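Chain letters run A, B, ... following the sequence lines, proteins first and then strands; every chain starts at 1. Not measured: the values here are computed from a predicted model.
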Number of protein chains: 2
Amino acid sequence: MPNYTLYYFNGRGRAEILRMMFAAANVKYMDKRFEFNEWDKYRKDMPCMCVPVLEMDGGMKMPETMAIARYLAREHSFYPKNNMDMMRCDYIADCFYEIMHDYMRYYHWKNGRFRFNMSGSGNGPSSPTSGRGDMDTNSDNYMQWRYMNTCHRVLPFLERTLEMKNGGKNFFMGDQMMWCDMMCYCALENPFMENQSMFSKYPKLMALRNRVAGHPKISGYLKSRNNTNW
Amino acid sequence: MPNYTLYYFNGRGRAEILRMMFAAANVKYMDKRFEFNEWDKYRKDMPCMCVPVLEMDGGMKMPETMAIARYLAREHSFYPKNNMDMMRCDYIADCFYEIMHDYMRYYHWKNGRFRFNMSGSGNGPSSPTSGRGDMDTNSDNYMQWRYMNTCHRVLPFLERTLEMKNGGKNFFMGDQMMWCDMMCYCALENPFMENQSMFSKYPKLMALRNRVAGHPKISGYLKSRNNTNW
């Protein structure tokens, strides 16, 4: 087993699916967290100037949340076996990632983060906590609309997809928890905290989240993890 | 071999990677294209109210561009063999997809498309060519910045990554063309047409695009495909 180091902010965000998969697979890793005011220090050492990033044996750093998740899923049997089922698991996970992606952009934007060189070409550093400018209100509206629109597009499909397998009583792919089930937990964590009524339309997805949280390895992880707002 | 039908607009966009993979694998499929003014008719039959969608044997419809691409890559040997190399291929493809995703959102937005229920919760249909409103200029600026920022974040990393394998003289994973190489071709097609000078900083990526275009199956496909603006 390689020595893994996971780099991310001191938040759940895009890294939580990876932490959850490490926990479910019972794999040790260094959970390297930093604060927003440390980002300038870390940013230039990250492959695409973004995180999460996985480092192996102190060597090469790997970017892209979902590429890392897929690697861990193949390594630790959180993927189904045949190609059709792998595609199903992939598109379910990608649908949840659409929500996570649009939510994270909305969440950080409204908190005034990650606006590198907004007035220029986008090719330069600036503080992740730099001030809010003229385009803020409209862009806030756009990003909130985008995130909600994505929820309304993909959640009904995911509810139906879950229901098609044993009436939605188990996991997405049957009686084994796969990484797409863990994506259901992670991607909806902040959205659910912020707007519980929106999710009353998706009772099977909500019950699935409880099943994931009740998984022996996951329940221990959820009790012991850092408690953060996002 | 199943009977495949690919649903998308009459454009390259997010579907072109799939068409290119079908061509490279020499697999026949029905290339079902429609115009923007037909979208209301198709939209509700698509799993997440978006395209591309792959239908198999006239049965279930599968969403999510990259999930479909991964399925085709596993089916037709456009993935490397071991898990580490699969992760590399995945993060390279995902980096290109970040550009494709942000470019497509920017491109459609500035052309006034896909603004379903902008003033409300995002849960309702409207014409994909409905009018442009107050938030347009600022949102245009935001989306252009976002797309350019993504290019400046990921392209230097991709250029370095390509160079690390045989000095960048072959493909990303060695002497065999993988689906991440085809992503390099497709994701940069419109960006390169619109701003060639931006890409002069990435000569190895540009040379790779020419190698992909020169692949025997791909070159035939590129000569015979529909000629569209996007």
Which atoms of B:Cys95 approach chain A - backbone, side chain, both or neither, heavy atom under 4.5 Å: both
Just to verify, what does A:Asp31 make a salt bridge (Lys or Arg N to Asp or Glu O under 4.0 Å) with, not counting sequence neighbours? A:Arg19, A:Arg33
Heavy-atom cut-off 4.5 Å, strictly under: side chain, backbone, both or neither for A:Met198 against chain B? neither
List for me each residue that meets side chain to side chain donor-acceptor pair (under 3.5 Å) alongside A:Asp85, sequence neighbours excluded, and say none if there are none. A:Asn82, A:Arg88
What are the two closest heavy atoms between A:Phe157 and B:Pro47, and how far apart are they? CB-O, 3.2 Å
Reported CG-to-CE distance for the pair B:Asp90 and A:Met62, which is rounded to 0.5 angstrom: 12.0 Å
Pick whichever of B:Thr65, B:Asn83, B:Ile92, B:Leu155 has the most heavy-atom pairs under 4.5 Å with chain A. B:Asn83
Whether B:Trp109 and A:Tyr142 hold their rings parallel, tilted or perpendicular, with breakpoints at 30° and 60°: perpendicular
Shortest non-hydrogen contact between A:Pro63 and B:Tyr91, atoms and distance: O-CB, 3.4 Å
Might you confirm whether atom CE of B:Met60 has over 12 heavy atoms from other residues, nucleotides or ligands at distances under 6.0 Å? yes
Mind checking which of residues 21-30 of chain A sit less than 4.5 Å from chain B, heavy atom to heavy atom? none
For B:Thr150, is it the side chain, the backbone, both, or neither that has a heavy atom closer than 4.5 Å to a heavy atom of chain A? side chain
From A:Asn149 CG over to B:Phe114 CZ, what is the distance, rounded to the nearest 0.5 angstrom? 11.5 Å
So which of B:Ala93, B:Ala67, B:Cys50, B:Cys89 has the largest heavy-atom pair count under 4.5 angstrom toward chain A? B:Ala67
Picking from A:Arg160, A:Arg70, A:Glu75, which has the most non-hydrogen pairs under 4.5 angstrom with chain B? A:Arg70
Counting C-beta onward and ignoring hydrogens, is there a side-chain heavy-atom pair between A:Met56 and B:Met87 closer than 4.5 Å? yes
Could you tell me which residues satisfy side chain to side chain donor-acceptor pair (under 3.5 Å) with B:Arg209, sequence neighbours excluded, listed by chain and number? none
Option that, when pairs with chain A are counted at under 4.5 Å, heavy atom only, ranks first among B:Met46, B:Met66, B:Gln144, B:Met84: B:Met84
Contact winner vs chain B - A:Met86, A:Glu98, A:Glu64, A:Met143, heavy-atom pairs under 4.5 Å: A:Glu64
